[in-house]
Amino acid sequence: QVQLVESGGGLVQAGGSLRLSCAGSGRTLSSYVMGWFRQAPGKEREFVALINWSGPSTYYADSVKGRFTISRDNVKNTVYLQMNSLKPEDTAVYYCAASSTVVPASNPYEYDYWGQGTQVTVSS
């Protein structure tokens, strides 16, 4: 079993930055593809970013490309999401997730473990 705990959410003005962290326990996260997803009220959960096992390969949703950066520290068993130039439409609960899939995927159904989420609110 993998336990994931997100932190770093909060309230920020448009144009500001936040850094989310996802700390893993139970198993090393180095065996998993790690993803960030978000869900706004009344909307489906959507893919934000993923990073493969060793970290050099990343993939982003078009809506965050160039503004968000996903990274991982396998020694600390932690994954990060640096969010810059935040927009009100980025407001959502952000979740990290771990996937044992062979091919990194943006489909949330490919992810086996999920954190409880952290709220990000961007004011205009």
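Given the structure is predicted, the values throughout are model-derived calculations rather than measurements. Here, residue 1 is the first one in the sequence, and each next residue gets the next number. Below, all heavy atoms of this structure are taken into account, side chains as well, without hydrogens, waters or symmetry copies.
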Transitively linked via ILVMFWY side-chain contacts under 4.5 Å: Val48 with Val120? yes
Starting from Ile51, can I reach Tyr60 by hopping between I/L/V/M/F/W/Y residues whose side chains sit under 4.5 Å apart? yes
Closest contact, heavy atoms only, [X] versus [Y]:
X: Ser124; Y: Ala14; value: CA-CB, 4.4 Å
X: Leu81; Y: Tyr94; value: CD2-CD2, 4.2 Å
X: Ser17; Y: Ser85; value: OG-N, 4.3 Å
X: Tyr113; Y: Arg27; value: OH-NH1, 4.3 Å
X: Leu50; Y: Ser106; value: CD2-N, 4.1 Å

For the [atom1] atom of [X] and the [atom2] atom of [Y], what is their distance to the nearest 0.5 Å?
X: Gln119; Y: Thr91; atom1: CD; atom2: OG1; value: 7.5 Å
X: Leu4; Y: Glu6; atom1: CG; atom2: CD; value: 7.0 Å
X: Arg72; Y: Cys22; atom1: CZ; atom2: SG; value: 10.0 Å
X: Asn74; Y: Leu29; atom1: CG; atom2: CG; value: 7.5 Å
X: Arg45; Y: Arg38; atom1: CZ; atom2: CZ; value: 13.0 Å
X: Arg19; Y: Ser71; atom1: CZ; atom2: OG; value: 6.0 Å

Looking at Ser57, Ser100, Pro104, which one forms a side chain to side chain contact (heavy atoms under 4.5 Å, CB included) with Val33?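 That would be Pro104; it is the only one of Ser57, Ser100, Pro104 passing the side chain to side chain contact (heavy atoms under 4.5 Å, CB included) with Val33.
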Which of these, Thr121, Val122, Val64, sits in a side chain to side chain contact (heavy atoms under 4.5 Å, CB included) with Leu86? Val122
Looking only at atom types and distance, does a side-chain atom of Asp73 sit under 3.5 Å from a main-chain N or O of Thr78, one as donor and one as acceptor? no
Going by the rule ring pair (Phe, Tyr, Trp, His ring centres under 6.0 Å), which residues pair with Phe47 if we only count those two or more places apart in sequence or in a different chain? Phe37, Tyr59
Taking the side chain as every heavy atom from C-beta outward, state whether [X] and [Y] have any pair of such atoms under 4.5 Å apart.
X: Asp90; Y: Arg67; result: yes
X: Thr101; Y: Tyr111; result: no
X: Ile70; Y: Val79; result: yes
X: Ser99; Y: Tyr32; result: no
X: Met83; Y: Leu20; result: yes
X: Asp112; Y: Val2; result: no

Is the closest basic N to carboxylate O distance between Asp62 and Lys65 below 4.0 Å? yes
Verify side chain to side chain contact (heavy atoms under 4.5 Å, CB included) between Ser21 and Lys76, making sure each step is shown before the conclusion. CA-CA 11 Å; Ser21 299; Lys76 295 183 177 179; over 6 Å; no
